Amino acid sequence: MKRLKRRTFLKGLGAGISGILASRTMPYFFVRNIAQAAEGDTIKVGILHSLSGTIAIIETSLHNAELLAIEEINAKGGVLGKKLEPVIEDPQSMVQVFAEKAKKLLLADKVVAVLGCYTSASRQAVLPIFEQYNGVLLYPTLYEAQECSKNCFYTGAVPSQQLDNFIPWIINTLGRKKFYLIGANYIYPKETNREVKALLRKHGGQLVAEEYAPLGATEFSTSINKIASSGCDVVFSDLVGDQIVAFYKQYREYGITAKDIPICSPITTEQEIAAMGSENAVGHYTSFDYFQSVDAPENKSFVERYKARYGRNAVTNAVMQSAYFATYMLAHAIEKVKSTDPDALIFEGLPGQEVQAPEGKVKIDEKNHHTWLWGRIGRANEQGQFDIVWKSENWIQPQPWVPYLYPGKACDFTDPRVLKRLKRPWSEEKNRSGTINL
Amino acid sequence: MFTQSIITQFFNGFSVVAILIIAAVGLAIIFGVAGVINMAHGEFMMIGAYVAAVVDKLGGNTLLAIPVSFAVVGALGLLVERSIIRWIYHRPLETLLATWGVGIILQTIVKLIFGPELYYVGTPKFLAGGFRLIGRLPFPWYRLFLIIVAAALMALVFYVIFHTDLGLQVRAVRRNRAIASCLGIDTARVDMTIFVFGSGLAGVAGAVLAPIKSVSTTMGFPYAVDSYMVLVLGGVGNLWGVVAGASLIGEAETILSFVFNNVIGELLVFLFIVIVIRIVPKGIFGYYERR
């Protein structure tokens, strides 16, 4: 009897504590969502970014950027006279949870589209679900490309947009020819380095060494010794996450400066620099479509609004900017087709959609679901920001299959062969890719 | 050229060994004496690193962060021991699960307070730069500092275990808990003190590693894994085991990573550990009870 009582008591206590925790820690938007849903007549948009677990660091910022865009759209009167209602799910940095939550958003919440995912692994986990149930996914991350799905729109950069100008610039303007490639040991760095190597061959650069560190490894004294004794004059780094911080810190610790051997990266953002301290990043280069320091009125007002909303110390970066303008693209696409039907959005609303983003005017390609973005090269300065040392004259075409590595392959959703295939129901034809052989 | 680089690597290896010792020593005495498999060890280090970040923000440096982290994480260890661990000593599976849970709770609490982003901790000014040893690269002063810290921590632990009354009791409890208890040693108090001491050392580890690594809520786990490898290889319950395990893993990893590459290096080290454990299951300096 006593045992039973104690258990009941503990249960009650547990429920009470979790209730208190929920009310204390659950972000306010849950509460607001209920209020909005009560008004009825909203358009539901899924937001699928990890708010806990290992990738939460970056994904929380994407989540924030998307919510900011939704708030702004709603403040201007919403879409088709209705408010956008964010339906937020936390996939906890676990690939299988991404899949479950994506299914839930599509089937139970019936969202018009989902803004979500960061890693390639998570995107690849949810894509089959979006394809099966004909959902719309807007994916904001720069990634290794070589993919195009009917149900996905990619608003981040593909490697060619970051590298096609960066590598020749390093060789010709910086005058550095001997490359040491260091990256994390998984798909994105390996595929990116494939393109780097192809570009080196094309532009007369020289590959000194190529090295991969296990994911999560943060001890780089060995790699740095190798770099110093290799005779290279530039390091190309596609290390990710915590590794970036540890690598740059230890690089300077061992007395190598940006004057001796600069580090060039397609992935180091303002956020990592804030974490490593600007003294460890000064003089190193990054290539991106967007930097917080972009000198444009749209960007200044974006940074201002972001800081006003999330605190003075908040930093903006390229990926969250992509997430931000993707939200606007979705809203404009719904306005354009005056419907929330996925096929209307996929075939008419989103392709060719243009917005004035913080980085400049950007557009979803009419054919391949990727995005026309700007090219910029930044040199880290003492304030932890990037001085933009080069900017493309025009926006750059997205190429999911670059011709110098994959001649004869392309992605084209306007091709009659592809259209014919996509018209057939999923149960008969599971291939939803737009890739064709030329 | 190659030989020179290998020699440089050998010295680099010392700093990696030092990092492993610093990370593992707190765990070694908790695991070795109190018999608790502390899965929250990495999170204790993480909290030590965040304490260092706060000290850094308030204008202090690593030297100040060391005692502050020891105190804060030691106090945390006391709290965890008194509220949870003391009820489940000598039930290894339960302590494993409970401390795993404690680790998750600590991560979440830190994230609620500090937010999910990475934190910055600077290197103290007088330890910036390095000195020329051999080859092209200078050896960083901070790495030398880490080696000194590792030696000092080992010396401190050796002193406590072999030259204090507490150490005498600890050794007695380690040898035979029941007899020690019969002889009037308050074994529960010994366990508690050791847990607090070990936690404090984990805090120090976090504080001194923060300037060269990244500080985030999830930083702890890889260190915990490394520390367990050191203990398993070196042997639980013998302090020399920590030194031996860390030296073998640290030097092997740096040399092999240099000769081959990081991935192969790590793989060979794991393979090496498996083979050693097959031959001496309790580790190189493993403690064999008399039967």
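Keep in mind that the numbers below use all heavy atoms, side chains included, and drop hydrogens, waters and symmetry copies. Predicted, not measured: the structure shown is a model, and the values here were computed from it. Letters A, B, ... are given to chains in the order of the sequence lines, protein chains preceding strands, and every chain is numbered from 1.
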| task | Please check if atom NZ in Lys197(A) has more than 12 non-hydrogen atoms from other residues, nucleotides or ligands closer than 6.0 Å. | result |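 It does: Lys197(A) NZ has more than 12 such atoms within range.
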
Does atom CG of Asp260(A) have more than 12 heavy-atom neighbours from other groups under 6.0 Å away?
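Counting neighbours around CG of Asp260(A), more than 12 heavy atoms of other residues, nucleotides or ligands fall under 6.0 Å, so yes.
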
Given that the side chain runs from C-beta out, which part of [X] has a heavy atom under 4.5 Å from chain A: side chain, backbone, both or neither?
{"X": "Ile255(B)", "result": "neither"}
{"X": "Lys111(B)", "result": "side chain"}
{"X": "Tyr223(B)", "result": "side chain"}
{"X": "Ser216(B)", "result": "side chain"}
{"X": "Ser214(B)", "result": "both"}
{"X": "Tyr119(B)", "result": "backbone"}

**Test: Glu219(A) and Arg143(B) ion pair at under 4.0 Å** =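 Yes, charged N to carboxylate O under 4.0 Å.
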
So what's closer than 4.5 Å to chain B heavy atoms on [X]: side chain, backbone, both or neither?
{"X": "Gln243(A)", "result": "neither"}
{"X": "Asn185(A)", "result": "side chain"}
{"X": "Thr60(A)", "result": "side chain"}
{"X": "Ile256(A)", "result": "side chain"}

Ignoring hydrogens and angles, state whether a donor on the side chain of [X] or [Y] is under 3.5 Å from an acceptor on the partner side chain.
{"X": "Tyr120(B)", "Y": "Asn280(A)", "answer": "no"}
{"X": "Ser223(A)", "Y": "Asn262(B)", "answer": "yes"}
{"X": "Glu211(A)", "Y": "Asn261(B)", "answer": "no"}
{"X": "Thr123(B)", "Y": "Glu253(A)", "answer": "no"}

List the atom of [X], the atom of [Y], and the distance in Å for their closest heavy-atom pair.
{"X": "Phe258(B)", "Y": "Asn225(A)", "value": "CE1-ND2, 4.0 Å"}
{"X": "Lys249(A)", "Y": "Lys213(B)", "value": "NZ-O, 2.7 Å"}
{"X": "Gly255(A)", "Y": "Pro138(B)", "value": "CA-CG, 4.2 Å"}

Donor-acceptor pairs under 3.5 angstrom involving side-chain atoms of residues 269-278 of chain A: please list them, not counting sequence neighbours.
unit_1: Thr269(A); atom_1: OG1; unit_2: Gln271(A); atom_2: N; d: 3.2
unit_1: Thr269(A); atom_1: OG1; unit_2: Glu272(A); atom_2: OE1; d: 2.6
unit_1: Glu270(A); atom_1: OE2; unit_2: Gln292(A); atom_2: N; d: 2.7
unit_1: Gln271(A); atom_1: OE1; unit_2: Asn317(A); atom_2: ND2; d: 2.4
unit_1: Glu272(A); atom_1: OE1; unit_2: Thr269(A); atom_2: N; d: 2.8
unit_1: Ser278(A); atom_1: OG; unit_2: Glu382(A); atom_2: O; d: 2.7

Which side-chain N or O atoms in residues 50-57 of chain B pair as donor and acceptor under 3.5 Å with protein atoms at least two apart or in another chain?
unit_1: Tyr50(B); atom_1: OH; unit_2: Thr217(B); atom_2: N; d: 3.2
unit_1: Asp56(B); atom_1: OD2; unit_2: Gly122(B); atom_2: N; d: 3.0

inquiry  = Using the rule given for side-chain contact (heavy atoms from CB on, under 4.5 Å), can you reason through Lys226(A) versus Gln9(B), listing the C-alpha separation, both sets of side-chain angles and the distance that settles it, and then say yes or no?
reply    = CA-CA 9 Å; Lys226(A) 275 190 188 175; Gln9(B) 265 320 95; over 6 Å; no

When heavy-atom pairs shorter than 4.5 Å are enumerated against chain A, which of Pro211(B), Gly265(B), Gly129(B), Gly13(B) gives the highest number?
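Looking at each option in turn, the highest pair count goes to Pro211(B).
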
- Item | Within-4.5 Å side-chain heavy-atom neighbours: Ser221(A) and Val16(B) |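 Yes, at least one pair of side-chain atoms sits under 4.5 Å.
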
Most chain B-contacting option - heavy-atom pairs closer than 4.5 Å, from Ala217(A), Pro214(A), Gly241(A):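 Highest number of pairs under 4.5 Å: Pro214(A).
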
